[in-house]
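Structure record follows, encoded as structure tokens.
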Amino acid sequence: MPLEAQTLFIDGAWTSAASAAALDVRSPTDGETFTAISRGDSADIERAVDAARRALQGAWATMAGFERGRIMTNLSNLILANAEEIAQIEARDTGKPITQARTDIRATARYFEFYAGAADKILGDVLPFLDGYQVTVQREPRGVCGLIIPWNYPASMFGRTVAPALATGNTVVLKPAEDASMSCIRLAALAHEAGLPAGVLNLVTGLGEEAGAALSQHPDVDFLSFTGSPEVGTLIQTAAARNHVPCVLELGGKSPQIVFDDADFEHAAQTIIGVITQNAGQTCSAGSRVLIQRSAYDRFIAMLKERMSAVRVGAPAADLQCGPVINSTQAKKVQGFLDRARADGIEVIAQGALDGSAVKTGYFVLPTLFGPVPTTHELAQEEVFGPVLAAIPFEDEAEAIRIANGTAYGLVAGLWTENGARQMRVAKKLRVGQVFINNYGAGGGIELPFGGVKRSGHGREKGLEALKEYTVAKTIVLRHD
Ligand code: ADP
């Protein structure tokens, strides 16, 4: 393992920032500093990109797909063998309840398992063309991939980005979020132990505006993947445009849960409250608006109220449904939404409560259900990234679709109805990247393509679809007559 503040992994070795600067890491659970990470900047990004570029010419370039797959299988097995340790690291660093951290680590291992199996199945095409010609299209690695990930699911985001990049033969420079780098540091150490050649995976911890900006702007990076806020997404896409490289952006959402009056209310209520309080609501795909058919509004609200009131918030070790949010800025941001909604006269229907394990210095906010929320209000339009649910009534299918599509975002939608024709009719009219009908599970589903439209971003991660993003098609036209 790297020493504290020697958390840059470059060319197969742990090192500190060239500037020797470090950043304190605080626990969201009590606000205390518990470790430090290296504050990498443009000089370190330079070294990392250089190592990744050189690794593209080395053993990695000639390694067969199945050999890459074997290293990734090793890594998946190492993650499982060390799962409890990594889950504890993740829970301490992010504040998430330990059960949720364990789930994330299993997902991380699954990413490497899934893409290990794909590494020797990156298929090309043979195209019909003119007589006397043979046309093949083969998929080649992009090259050096710059991966910038957020703090909400650091380990599983490591899997979601690094695994498909490696399966397709790329090399990587990963910039984890400054608020939650610890599990990524451990995973990079395991990747090395699994047999990944030096320089194939490089990790630079540090600030977004320093290390992140330098990585996104580096002219020798061939591809960018970014998950985070729309504002930073714009910066990433601008940097990509300047360097003429492609990027995949996943930028969050304001995802609707649409509940018709014929739904299985029990199942819907349990899932909807579970999803918005999971990870303290800090999930891109959180269903943060619940659209309820007016004929069932009172009945369904009563069910949501009962469940939201029962949610308890506390320390990761107490293993409740909800932990703290990531930092004081985020806690203030969420509290600001709660205060403004109250000041605007929107009724608080229900709130969860603090458990005894929630100490005052931790970044705890109360899960809250508001309603009815006017569709133009910020609670119905903006991503809170906290455990806050906005209830909105609708009359009929047409109005449900209009409200569902009526934000700048388009990531996920949940649809709750037993009417089969309506399920497909509505699903087709929703402007989102994925629709869940009578379930809601974007967090898992390693096999399922995932991404957004509109302000939620573009490109697809997860599943076999991601392999297309991490490769580029080369068309070879051979005349043989
Ligand atoms: P959030 O608002 O959820 O913290 P951000 O978009 O700020 O999300 O952060 C997501 C990731 O982007 C983090 O790894 C962060 O360090 C990085 N980041 C933040 N600002 C920049 C930037 N200007 N350029 C590149 N990366 C950045």
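Atoms within each ligand, like the ligands themselves, are counted from 1 in listed order.
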For this session: Please check atom 9 (O) of ligand 1 for a protein heavy-atom neighbour under 4.0 Å.
Result: no
For this session: Anything under 30° is parallel, anything over 60° is perpendicular, the rest tilted; go ahead and classify F385 against W151.
Result: perpendicular
Exercise. Are K254 and Y409 in a cation-pi setup, meaning NZ or CZ lies under 6.0 angstrom from the ring centre and within 45 degrees of the ring axis?
Worked result: no
Exercise. Counting each atom of ligand 1 from 1 as listed, which ones have a heavy atom of A177 under 4.0 Å away?
Worked result: 13 (C), 14 (O)
Exercise. So, S156 side chain and A107 main chain: donor-acceptor pair closer than 3.5 Å or not?
Worked result: no
Seminar exercise, completed: Near I236 (heavy-atom distance under 4.0 Å), the atoms of ligand 1 are 25 (C)
Problem set entry | Under 3.5 Å donor-acceptor, S38 side chain and G40 backbone | no
For this session: Kindly confirm or rule out an N or O of S229 lying under 3.5 angstrom from an N or O of ligand 1.
Result: yes
Exercise. Looking only at atom types and distance, does a side-chain atom of D44 sit under 3.5 Å from a main-chain N or O of L8, one as donor and one as acceptor?
Worked result: no
Exercise. Side chain, backbone, both or neither: which part of W151 has a heavy atom under 4.0 Å from ligand 1?
Worked result: side chain
Exercise. Is R110 positioned over the aromatic face of F112, cation under 6.0 angstrom from the ring centre and no more than 45 degrees off axis?
Worked result: no
For this session: Might you confirm whether atom NE2 of H192 has over 12 heavy atoms from other residues, nucleotides or ligands at distances under 6.0 Å?
Result: no
For this session: May I ask you to list the atoms of ligand 1 that are less than 4.0 angstrom from any heavy atom of K175?
Result: 14 (O), 15 (C), 16 (O)
For this session: Could you find the nearest protein heavy atom to atom 25 (C) of ligand 1 and give me its residue, atom name and distance?
Result: G212 C, 3.1 Å
Problem set entry | T227 touching ligand 1 at heavy-atom level, < 4.0 angstrom | yes
For this session: Identify whether NZ of Lys or CZ of Arg in R160 sits under 6.0 Å from the centre of the six-membered ring of Y111 and within 45° of that ring's axis.
Result: no
Exercise. Any idea which protein heavy atom is nearest atom 17 (C) of ligand 1, and the distance to it?
Worked result: I148 CG2, 3.7 Å
Exercise. Out of L235, I149, V232, whose heavy atom is nearest to atom 11 (C) of ligand 1?
Worked result: I149
For this session: Determine, using heavy atoms of F226 and all atoms of ligand 1, whether some pair is separated by less than 4.0 Å.
Result: yes
Seminar exercise, completed: Honestly, for A211 the part within reach of ligand 1 (heavy atoms, under 4.0 Å) is neither
For this session: Kindly say whether D355 contributes a backbone atom to a donor-acceptor pair with the side chain of R312 at under 3.5 angstrom?
Result: no
Problem set entry | Protein residue, atom and distance nearest to atom 15 (C) of ligand 1, heavy-atom basis | E178 OE1, 3.6 Å
For this session: Mark up the atoms of ligand 1 that fall under 4.0 Å of a heavy atom belonging to A213, in ascending order.
Result: 24 (N), 25 (C)
For this session: Give the contacting part of D179 toward ligand 1: side chain, backbone, both or neither, where contact means a heavy-atom distance below 4.0 Å.
Result: neither
Seminar exercise, completed: of all protein heavy atoms, closest to atom 22 (C) of ligand 1 is G208 O, 3.3 Å
For this session: Give a yes or no answer on whether the side chain of N279 reaches the backbone of Q282 with a donor-acceptor pair at less than 3.5 Å.
Result: yes
Problem set entry | Ring-face cation of K462 near Y115 (centre distance under 6.0 Å, axis angle within 45°) | no
For this session: Please state whether L215 comes within less than 4.0 angstrom of ligand 1, counting heavy atoms only.
Result: no
Problem set entry | Close approach, P176 and ligand 1, non-hydrogen under 4.0 angstrom | yes
